[in-house]
Amino acid sequence: MEILVQKYGGTSVANIERIKKVAQRVIDAKNAGNDIVVIVSAIGGETDKLINMAKEIDKNPNCRELDMLVSTGEQISIALLAIALNARGYDTISLIAQQVQIYTDTSHTKAKITKIDTRRLFKEIKKGRIVIVAGYQGITEDLEITTLGRGGSDTSAVAIAAALGARVCEIYTDVDGVYTADPRIVPEARKLRKINYEEMLEMASSGAKVLQSRSVEFAKKYGVTIHVRSSFNENEGTLIMEGEENMEDVLISGVTYDKNQAKIVIIGVPDQPGIAAKIFSMLAEKNINVDMIIQSSSKDMVNDISFTVPKEDLNLATKTMEGIVEEVRAKTFECNDKIAKISLIGIGMRSHSGVASSMFQVLAAEGINIEMISTSEIKISCVIEESQTEKAVKAIHKAFNLA
Ligand code: ADP
Ligand code: ASP
Ligand code: MG
């Protein structure tokens, strides 16, 4: 029998009625002759609720305890789904990360999966059971509970699919696939039938939260095809798979936005060798992921350095910056969390010039100021004022005929 791995996100298990609907889908897949392993997220909104409770007590909650807290969200949903399936007469067992043995590194709240022990999973599958696994969580070698970063159940699912040797991992969510832009903002966005790993990775890492980017990395590394589908209908979704060629024969695959970034500018930095190394190693020591970096040209032997960090790291980054400013003898620093990063992604860009300038023209025509720019072979990103996000995404989507 073939092992089918399915993942259901928060909206798909938002309440008891939805959990019963998911149970029916799992039963259908089982009756179709598959061995089923299901990865489940916490009930929609539950993770936010738990984080907010912690933050009511402490703005920077202890990360180990935060993981202890938020990992409970998935423990609730897996048990409810297993209860629903057992009630329907299907032998089912739910397992948390300790029970499966999903190992991660020790970076609390953004841990990376290092190893998955498949013995327990195979043992349960052999008994004919449906296995339900808690997404988003792992354990360290010292049995500490970790979580994989927001949206991490996608990564749990693909990593488990890879470990079990499943060919396909179905990701069920509230949209029926990956679109050329977030369909919540651009209703005329078009569903992509297929997209290759490389483009999906750029889309996910630049804000298309339909998949956590680590899940795409796992899929690419282990050759797992991801099928993004809706748990609300039977539509064919989007396949994410290997493909050298531009799978839809278009220049641009999509436009994304990320409001989850903040900008930091260090002002009056001495223009000397080793200063940038010092600044960014001090941030790296605190496990803060820096994305875009821009250094202004030197004037009177000083310059400014701007960079972006995830908003959730801003408190920690601000604290760290105080030390950095002193250490490198900069003048001061400023933070701005009212920014957004808009990105245009497409493998076709490799062989076409002029995409960047067209994007800048679209933003200019809308009167939107570009604060930072970065490019890769298949992506162009601009930082703009957060309040202009929707306008920018819609205008770019239209200008590049993505609908
Ligand atoms: P889940 O709880 O199932 O993991 P998420 O909320 O994490 O679901 O991800 C699904 C959401 O991703 C959609 O509701 C949609 O608004 C958003 N999204 C952003 N960009 C895209 C895109 N390009 N294609 C599809 N969905 C997108
Ligand atoms: N429940 C976690 C979150 O809200 C993980 C996930 O949904 O994938 O981020
Ligand atoms: Mg998600």
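Computed over heavy atoms, backbone and side chain alike; hydrogens, waters and symmetry mates excluded. Remember, it's 1-based here, ligands and their atoms both numbered in the order they're listed.
- Ion pairing between a basic and an acidic side chain is recognised when a charged N comes within 4.0 Å of a carboxylate O; Glu170 and Lys7 show no such pairing.
- A salt bridge is defined here as a Lys NZ or Arg NE, NH1 or NH2 lying under 4.0 Å from an Asp or Glu carboxylate O, and Arg184 with Glu390 fails to meet this definition.
- Here Asp105 does not pair with Lys112 in a salt bridge; the nearest charged N to carboxylate O distance is not below 4.0 Å.
- In this comparison of Gly177, Gly45, Ala208, the heavy atom closest to atom 25 (C) of ligand 1 sits on Gly177.
- Protein residues lining ligand 2, listed by chain and number: Ser41, Ala42, Thr47, Glu74, Tyr136, Arg150, Gly151, Gly152, Ser153 [non-hydrogen atoms, distance under 4.0 Å].
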Listed pairs under 3.5 Å, donor-acceptor, residues 52-60 side chains, sequence neighbours left out:
unit_1 : atom_1 : unit_2 : atom_2 : d
Asn52  : ND2    : Asp48  : O      : 3.3
Asp58  : OD1    : Asn60  : N      : 3.0

Exercise for review: Determine, stepwise, if the pair Glu198 / Arg350 fulfils salt bridge (Lys or Arg N to Asp or Glu O under 4.0 Å).
Suggested key: CA-CA 13 Å; Glu198 214 182 342; Arg350 273 199 185 125; 2.5 Å; yes
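- Of the listed options Val210, Thr173, Leu192, Asp174, Asp174 places a heavy atom closest to atom 13 (C) of ligand 1.
- When non-hydrogen atoms are compared, ligand 1 lies under 4.0 Å from the side chain of Arg184 (C-beta onward) but not from its backbone.
- The one candidate from Arg214, Lys220, Lys221 that meets the side-chain hydrogen bond (donor to acceptor under 3.5 Å, both in side chains) condition with Glu217 is Arg214.
- If you check which protein heavy atom lies closest to atom 21 (C) of ligand 1, you get Asp182 CA, 3.7 Å.
- Taking the six-membered ring for Trp and the full ring otherwise, Tyr172 and Phe232 have centroids separated by 6.0 Å or more.
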